[in-house]
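The structure appears below as structure tokens.
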Amino acid sequence: MLDFFLPVIQNALHSAGVTTEKPIRIEQPSDKKFGDFSTNIAMLVAKECRRNPRELAQEIIPHLVFPPDTVAKIEVAGGGFINFYLSPLFIMRSVEQVLLDGDHYGKGGAGKGKKAVVEYVSANPTGPLTIGRGRGGVLGDCIANLLEAQGYEVTREYYFNDAGRQMQILGESVRLRYLECCGQNIEFPATHYQGEYIREIAEQMYAEHLATLEESSELDSFKKSAENIIFSSIRQTLERLDIRHDSFFNEHTLYTPDNKGVSANQRVIDALSSKEFIAAYDGAVWFLTTRLGQEKDKVLIKSSGEPSYRLPDIAYHITKFERGFDLMVNVFGADHIDEYPDVIEALKILGYDTERIKIAINQFVTTTVDGQTLKMSTRKGNADLLDDLIDDVGPDATRLFFIMRGKDSHLNFDVELAKKQSKENPVFYLQYAHARICSLLRIALEETGFDPSSCTETRLLTLLNSPAEVQLGFALLDYPDMIKTSLRLLEPQKMVEYLHSLAELFHRFYQECPILKAKSDICKARLFLSVATRQVLRNGFRILGVSAPESM
RNA sequence: GUGCCCGUAGCUCAAUGGAUAGAGCAUCAGCCUUCUAAGCUGAGGGUUACUGGUUCGAGUCCAGUCGGGCGCACCA
């Protein structure tokens, strides 16, 4: 719809003799009485033209030439807004496009021919997924869906490390629990993984091997078993939320030498070194970020000889460039906020186009149980496990609740609310609208034989002109722009809000306009409007990863 | 101490620099002989934490103050 207005306004400014560098902005006024669309361009340019903005707006209006029967009224309001009112006929005629495009309605071509990678979850296999990871997982998955809707070829990637110190500790933790199973009395260190799942893995190993591993001091079998079991549990949890990655990138591959005997990590050191951003002192190898105005240099290779996480991180991002991605989205939690600036700086120094990298950081999650707020990070035991939350409220509520707040807001997950099978629960409000339409169409088929797939009289939509009908139709036309906005902001929350308002408009239409009891043509027209609404709800639900129940 | 995020109705949250700051929940008042009342209509509720600044115009941008969260390792 925005594409519809922009050229007309550009032409009008040109033929009215107004020249400006300022971008033309078209917005939807919050209040319908200010029109369906509005532009503030007259106010923006008034100053540089030394003109009264209202007068200028009046002069521009005669130059605004729209196709016939599209814009019903144009007027100047407020301090110089130009407000546009679409004709109901135009709106309802446009709704036909929803029916024609079906599952593809709303998709755009902005990413056509482009490759994108979305990196999300990326938890190391040291334990089951927590609720906090869940938020990032759903956010990343929705962003990937949005990219696909814009035509990008999307790779969903999970970056992990199964070699570092944390995995070492994991292996030891399992071994100690295993020794307990063998009957030894162990003092379990506080630095090790305390979770009950460690004990379960140890018990499983004991069941397989009995005490045969008791004398051996090697950790590998403990590490490997733990990794396998934990990784498969992570993937199972993600699958419950319909999150599936295409690619699991093991950090360790960045350590292994290529056929010239040089690892990806080493290539980063060499490249940065040739730019004079590397120095060795205090037994370590440093990235000279003080040269960029930072307070301290950052360690790339520890005095132990092992790389710190920063080095493979840089090398990893280089692989994304080498793999030809046009767009790289990283999703992670607020605790990793300091992780990316150094990586970006290093990539810039090495000449990579860092504009292609987008970062989506989500704030933390707290849960409210029985009206009491619990902070996840301080919580021990099971309550912060993502699996338990899914058990409790189901996958649809889990997904929707994670994205119904802006990613920059701390999320307060009200478990009681998410469980409620009632109107207080926003999940049900949305899904109910869909189920209600399905039910309506079932009855329509039975009673009148109306079948949207075979009925071709979509032109009848133009018979509809009551406010409830036109507003619903207008909202349906908004959907493609909503996808673009959500993607630009990396904020699926916008989609949730949009779908909520769409559901609300449908309920109002349903309430005010009798459908099956209307005379034949009107009845068909209203059924088509309902079908179009169901289509947009479905398409939107698919992007959010929420199911579209046919009955409730 | 310092970097990032946040502070908006009783609660949870919206508001690409725009017009009278909006939803949901909760509260109150209405609407089912009629296609799902898991719905709809209406009412009340605000010094947008505070103080300055920028401009035609600030919840939004800038500076400072206060409050909350997350980081600030040769952990990832």
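Letters A, B, ... mirror the listed sequences (proteins, then strands); counts begin at 1.
The side chain of A:D338 lies closest to B:rC72 when the candidates are B:rC72, B:rG69, B:rC74. In the set B:rG39, B:rC35, B:rG71, B:rG39 carries the atom at the smallest distance from any side-chain atom of A:R436. Checked against B:rA19, B:rC40, B:rA76, the side chain of A:Y429 finds its nearest nucleotide in B:rC40. When the nucleotides B:rA19, B:rC5, B:rA76 are ranked by their closest atom to the side chain of A:H410, B:rC5 comes out on top.
The partner of B:rG67 is B:rC6, judged by Watson-Crick or G-U wobble contacts that both fall below 3.5 Å. Pairing for B:rG22 goes to B:rC13, judged as Watson-Crick or G-U wobble with the two contacts each under 3.5 Å.
Protein atom CG of A:D408 is 10 Å distant from nucleotide atom P of B:rA15, rounded to whole Å. Atom CZ of A:F332 is separated from atom P of B:rC4 by 15 Å (rounded to the nearest Å). Rounded to whole angstrom, the span from the CG atom of A:L292 across to the C1' atom of B:rG3 amounts to 16 Å. Rounding to whole angstrom units, CG of residue A:L505 and C1' of B:rG39 are separated by 14 Å.
Applying the salt bridge (charged side-chain N to carboxylate O under 4.0 Å, His left out) test to every pair with at least one member in residues 490-508 of chain A, sequence neighbours left out, gives these pairs: A:K407-A:E491.
Between A:K320 and A:E157, no side-chain nitrogen of the basic residue sits less than 4.0 Å from a carboxylate oxygen of the acidic one, so the salt-bridge criterion is not met. Ion pair A:K73/A:E75 flagged as a salt bridge, since at least one NZ, NE, NH1 or NH2 atom sits closer than 4.0 Å to an Asp/Glu carboxylate oxygen. In summary, A:E447 and A:K517 do not engage in a salt bridge, as defined by a charged side-chain N under 4.0 Å from a carboxylate O.
Atom name P, nucleotides B:rA19 and B:rC31: the rounded distance is 37 Å, in whole Å. If you take atom P in B:rG3 and the same atom in B:rG64, they sit 9 Å apart, rounded to whole Å. For the C1' atom pair drawn from B:rG17 and B:rU55, the interatomic distance equals 10 Å after rounding to whole Å. Nucleotides B:rA23 and B:rA58, compared at atom P, are 23 Å apart to the nearest Å. Separation of the C1' atoms belonging to B:rU60 and B:rG7 is 14 Å when rounded to the nearest angstrom. Comparing the C1' positions of B:rG24 and B:rA15 gives a spacing of 15 Å, expressed to the nearest Å. Rounded to whole Å, the separation between the C1' atoms of B:rU8 and B:rA14 comes to 10 Å.
Around NZ of A:K519, the count of heavy atoms belonging to other residues, nucleotides or ligands within 6.0 Å does not exceed 12. Within 6.0 Å of atom CZ in A:R54, more than 12 heavy atoms from other residues, nucleotides or ligands are found, so the atom counts as buried in its surroundings.
No side-chain N or O of A:T130 forms a donor-acceptor pair with one of A:D384 less than 3.5 Å apart.
Across all strands shown, A:I443 has heavy atoms under 4.0 Å from sugar-phosphate atoms exclusively, and none from any base. Among the heavy atoms of the strands lying under 4.0 Å from A:S38 is at least one base atom, whether or not backbone atoms are also near. If you check every strand for non-hydrogen atoms under 4.0 Å, A:D297 touches nothing. At a threshold of 4.0 angstrom between heavy atoms, the contacts of A:G406 are confined to the sugar-phosphate backbone, with no base atom among them.
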Report all interatomic pairs (protein N or O, nucleotide N or O of nucleotides 56-63 of chain B) with separations under 3.5 Å.
residue, atom, partner, partner atom, Å
B:rC56, OP1, A:K47, NZ, 2.5
B:rC56, OP2, A:K47, NZ, 2.9

Are there any protein N/O atoms within less than 3.5 Å of an N/O atom in nucleotides 21-32 of chain B, and if so, which ones and at what distance?
residue, atom, partner, partner atom, Å
B:rG24, OP1, A:E504, OE2, 3.2

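Note on A:K494: a side-chain N or O is less than 4.0 Å away from OP1 or OP2 of B:rA15. A:R508 has a side-chain polar atom (N or O) that falls below the 4.0 Å cut-off from OP1 or OP2 of B:rU41.
Here the shortest heavy-atom pairing between A:L347 and A:I314 reads CD2-O, 4.2 Å.
In this structure, A:F231 has its ring center closer than 6.0 angstrom to the ring center of A:F160.
The shortest distance between side-chain heavy atoms of A:L386 and A:R133 does not fall below 4.5 Å.
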